[in-house]
Amino acid sequence: MKTPFCIRLQILGIQPNDEVEYFENPDSFENSQKVFPLNNNGQIYGIYVSRLDYYIKKNYVQEGKIVKGRLIYTFYNYFTQQFVDVFDLLCMENNFIKLDGQFWFKDENALQPLIIRLKVQIYYQEYLRFQHFLENIELEKKNLYNSIEKAKAELTVNYENLNNFKMRVNQLKQCYHIQPQYPEIDIAILYSHPLVNQNEKRVNPVQYYDDISNFKKRISALNKKVTYLITQATKENLRWVLKYNPKIIHIIAHGENDTNQLNQYLQFENNCTDDFVYREDLQLIMKDSKKSLVFLACCYAGEIAKNIQQYATTIAVDKELKMLDDAGILYFSSLYENLLEKKTLQESHEEAKKKVEVELGEKNYQCCHSHSHRQTCKEVFGKNSDLCFSDWTQCECKKKSADLIKDRLSHLWGPNPNDQCKEVCEVILKQIQDKSQREFVKMKLDDLAEDGVLRVCCCELAEKLKEDSFTFIQHTESEKFQIYSSISSQSQIFNQVENGNLIELNQLSWEEQYFIAWKRDAKIIFHKLSEIFYTNKRQIIKICAGHSKGEMHVIKFAHQVSKYFKFRKLKFYKRNEIDDILIIQDKLENIEKLLQMSYEARMSYIFIIHKINKELFLKSKDRLAQLNQKGTVILISNSELIELELDSNYYKIMLKDWENLSDRKEKCDFFKIIGEYGEEIKEKILGELGEDKLKRLKYNDLLDEIENILNKYQDQIVQN
């Protein structure tokens with residue numbers, strides 16, 4: 001069989017301006033050209049018309065886009081450099097297009113593509129239809145333009161009316177001193193509980209729950225009618241709190257201090273991530289204060305307190321000092337009690353310090369962990385200095401001389417080696433790596449002792465060794481609390497307090513929210529809940545529990561994330577949005593009962609659905625969609641269900657922290673997990689595994705170990 005003569009085919013008229021672009025740069029079209037075999041009729045080359053029509057319609061005309069008419073072809077002649085009408089090339093009863101070399105040769109040695117220009121000739125009725133279509137478009141365009149102009153005119157009028165209204169309101173405010181009215185409150189408590197920091201590392205929360213629970217318990221016992229609110233420590237919330245003109249603003253948060261950079265900040269929260277509030281930030285916010293009393297239950301907050309004292313009298317600990325959690329709880333609860341008994345701020349402060357001293361006892365004297373280490377200390381004793389008092393020694397200084405030893409930082413010291421506290425001397429010298437420096441320090445310690453007593457604080461000793469001078473650092477918890485004020489502290493805060501019950505402005509069922517280990521996963525779920533609530537994008541959240549043995553922990557985890565979200569969604573200054581968010585937990589088999597419940601219009605709902613298998617899930621998909629219209633559905637599923645391909649109505653979350661917790665600090669949360677089984681089983685698990693092994697286990701391995709222990713002691717547990 002004879003091989004057909006093939007040429008490359010270039011069709012023009014398909015895209016706008018393709019003819020102009022082709023002749024300007026023909027090489028750019030080369031990749032789109034297709035090889036096309038010509039027909040051979042005797043000694044004549046060409047193309048059958050029917051074949052060309054079929055080829056064009058198949059490859060270049062979109063399906064369903066053909067209009068009523070016919071295709072017209074013209075062919076480019078390289079010799080004349082003009083297009084030739086197809087009618088001039090037809091032969092054999094107009095069925096064959098006769099072509100020769102002038103349509104594919106520029107010269108004898110240069111084979112070129114066959115160029116066909118495509119046009120469409122439409123029927124008159126089709127033309128009328130298009131013309132009518134264009135006329136309608138023009139009419140719609142004109143109507144739309146008129147509507148826009150009308151809307152612009154109305155907007156201009158409304159804008160002028162709004163400006164006139166604002167002007168009138170301002171005039172009335174000036175005449176009648178009108179101000180927005182906010183209910184005054186006595187106490188505003190702001191607590192910070194971010195889940196992760198800005199590097200996605202978990203954040204250990206302050207003991208805000210103990211602080212707040214103790215506050216409510218102690219104030220309730222006084223039978224005083226006190227109005228208060230509890231909310232999260234965010235910049236926005238603090239600004240809103242000031243509008244309520246509280247007598248006391250109580251902030252519970254981590255405080256941080258870099259002594260080298262003089263950089264202090266409070267760790268607030270923002271969408272479950274920590275948010276640093278520097279002293280300048282707090283100063284700008286507190287400018288709007290009407291002389292509220294501020295309690296900073298935060299470490300290292302002294303410099304921040306100094307910065308805002310012109311706007312608000314503030315109680316805090318020094319910028320270099322940490323605050324023991326128990327000391328803070330005791331101090332502030334006692335302070336509230338005394339203030340509500342109509343004592344002055346100074347009197348209440350002194351009474352609160354005594355309370356801390358008595359209740360803490362020996363704990364009232366703290367070690368190096370109670371203050372930040374200075375640069376001199378790090379240079380002399382190393383980065384991990386820990387040289388404050390006797391907890392790590394067996395010394396008997398206090399027994400030998402109780403009259404000289406006044407606190408736990410003091411140790412006997414004299415020129416006679418028998419009079420020295422050998423344990424403390426050994427620990428101090430161990431911290432110094434350089435031998436010559438060690439000998440110098442050993443001699444110098446005798447000079448630093450006063451009246452036979454050496455005060456052992458690494459920062460103080462380091463400064464004495466370097467400069468023969470030092471700054472005293474407070475180690476006594478009860479003495480750390482200071483009043484920072486530009487006015488007298490002899491005034492009463494509560495001079496008129498009625499008897500009665502506590503009144504909470506929020507009216508929320510406030511309770512502890514503890515997260516089991518998976519902080520980063522909690523952040524993902526929190527943001528997904530925010531998206532669903534704020535954008536009304538209805539999706540079912542599907543959380544993979546991975547290991548069936550751990551399903552109950554994941555259910556509790558989902559419940560706590562939901563509560564965490566709830567308290568941040570229900571803002572105290574937006575109570576008109578919804579009344580509450582109810583969290584309902586149930587098995588999938590009870591979905592009919594959930595659908596038949598009555599739901600209130602001013603309530604929102606989060607459904608945590610568990611005990612799911614594949615068959616039941618597939619049967620219940622429609623009902624789950626119905627339930628998701630009544631609230632937000634969170635499914636706790638196993639790995640089998642998480643692998644199902646689902647549509648966009650579902651959002652799948654694999655718990656990453658669940659599989660492998662690399663941070664040993666996070667493993668401490670496993671103690672909370674084993675605590676779920678009760679004290680008896682917890683002790684057996686710890687006895688069998690040991691604390692070190694517990695922290696090395698992956699979560700799934702921990703669940704396997706727990707199951708083995710439960711099986712091992714099953715009879716004994718049942719009998720008990």
Can you give me the closest heavy-atom contact between [X] and [Y], atom names plus distance?
X	Y	result
Leu222	Glu337	CD1-CA, 3.8 Å
Ser289	Ala312	OG-CB, 4.1 Å
Leu502	Ser220	CD1-OG, 3.1 Å
Thr314	Ala305	CG2-CB, 3.7 Å
Lys480	Lys322	NZ-O, 2.8 Å
Val561	Phe526	CG1-N, 4.2 Å

Does the side chain of [X] reach to within under 4.5 Å of the side chain of [Y], using non-hydrogen atoms?
X	Y	answer
Arg538	Thr632	yes
Ile285	Leu242	yes
Leu266	Asp281	no
Asn649	Ile540	no
Tyr650	Lys621	yes
Met286	Val294	yes
Thr231	Trp240	no
Leu570	Asp580	yes

When rounded to the nearest 0.5 angstrom, what is the spacing between [atom1] in [X] and [atom2] in [Y]?
X	Y	atom1	atom2	value
Glu504	Ile185	CD	CD1	11.0 Å
Ser604	Asp579	OG	CG	9.5 Å
Thr234	Asp275	OG1	CG	8.5 Å
Leu618	Asn613	CG	CG	9.0 Å
Ile230	Leu190	CD1	CG	10.0 Å
Ile329	Ile212	CD1	CD1	10.5 Å

Under a 3.5 Å distance rule, please check whether [X] uses its side chain to pair with a backbone N or O of [Y] as donor and acceptor.
X	Y	value
Glu477	Met323	no
Asn197	Asn199	yes
Asn237	Gln232	yes
Lys224	Ile219	no
Asn338	Ser334	yes
Ser620	Arg623	no
Glu303	Gln264	no
Ser292	Pro246	yes

Pairwise salt bridge (charged side-chain N to carboxylate O under 4.0 Å, His left out) hits with a residue in residues 243-253, at least two apart: Asp186-Lys247
Check [Y] with [X], please: is the shortest side-chain N to carboxylate O separation under 4.0 Å?
X	Y	result
Arg239	Glu236	no
Arg568	Glu269	yes
Lys611	Glu589	no
Glu615	Lys619	yes

Run the numbers on Leu646 and Lys542 for side-chain contact (heavy atoms from CB on, under 4.5 Å), then give the verdict. CA-CA 10 Å; Leu646 297 170; Lys542 191 147 71 78; 3.1 Å; yes
Might you work through the side-chain contact (heavy atoms from CB on, under 4.5 Å) test for Leu505 and Tyr244, ending with a clear yes or no? CA-CA 11 Å; Leu505 187 68; Tyr244 291 76; 3.8 Å; yes
Between Ile609 and the options Ile584, Leu627, Ile591, the side-chain contact (heavy atoms from CB on, under 4.5 Å) test singles out Leu627
Are there over 12 heavy-atom neighbours, none belonging to [X], within less than 6.0 Å of that residue's [atom1]?
X	atom1	answer
Asn499	CG	yes
Glu280	CD	yes
Glu600	CD	no

Could you go through the ring pair (Phe, Tyr, Trp, His ring centres under 6.0 Å) check for Tyr336 and Phe215 one step at a time? CA-CA 8 Å; Tyr336 279 123; Phe215 158 79; 5.0 Å; yes
Tell me if the centroids of the rings in Tyr228 and His250 come within less than 6.0 Å of each other. no
Between Tyr191 and Phe567, does the ring centre distance come in under 6.0 Å?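 So the answer is no for these two rings.
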Check whether NZ of the Lys or CZ of the Arg Lys523 lies under 6.0 Å from the centre of the six-membered ring of Tyr564 and within 45 degrees of that ring's axis. no
Cation-pi check for Tyr599 against Lys630: NZ or CZ below 6.0 Å from the six-membered ring centre and within 45 degrees of the axis, yes or no?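 No cation-pi geometry.
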Residue pair Phe607, Asn628: steps toward the side-chain contact (heavy atoms from CB on, under 4.5 Å) verdict: CA-CA 8 Å; Phe607 303 98; Asn628 200 45; over 6 Å; no
Intermediate values then yes/no, side-chain contact (heavy atoms from CB on, under 4.5 Å), Phe565 and Ile581: CA-CA 10 Å; Phe565 170 78; Ile581 298 175; 4.2 Å; yes
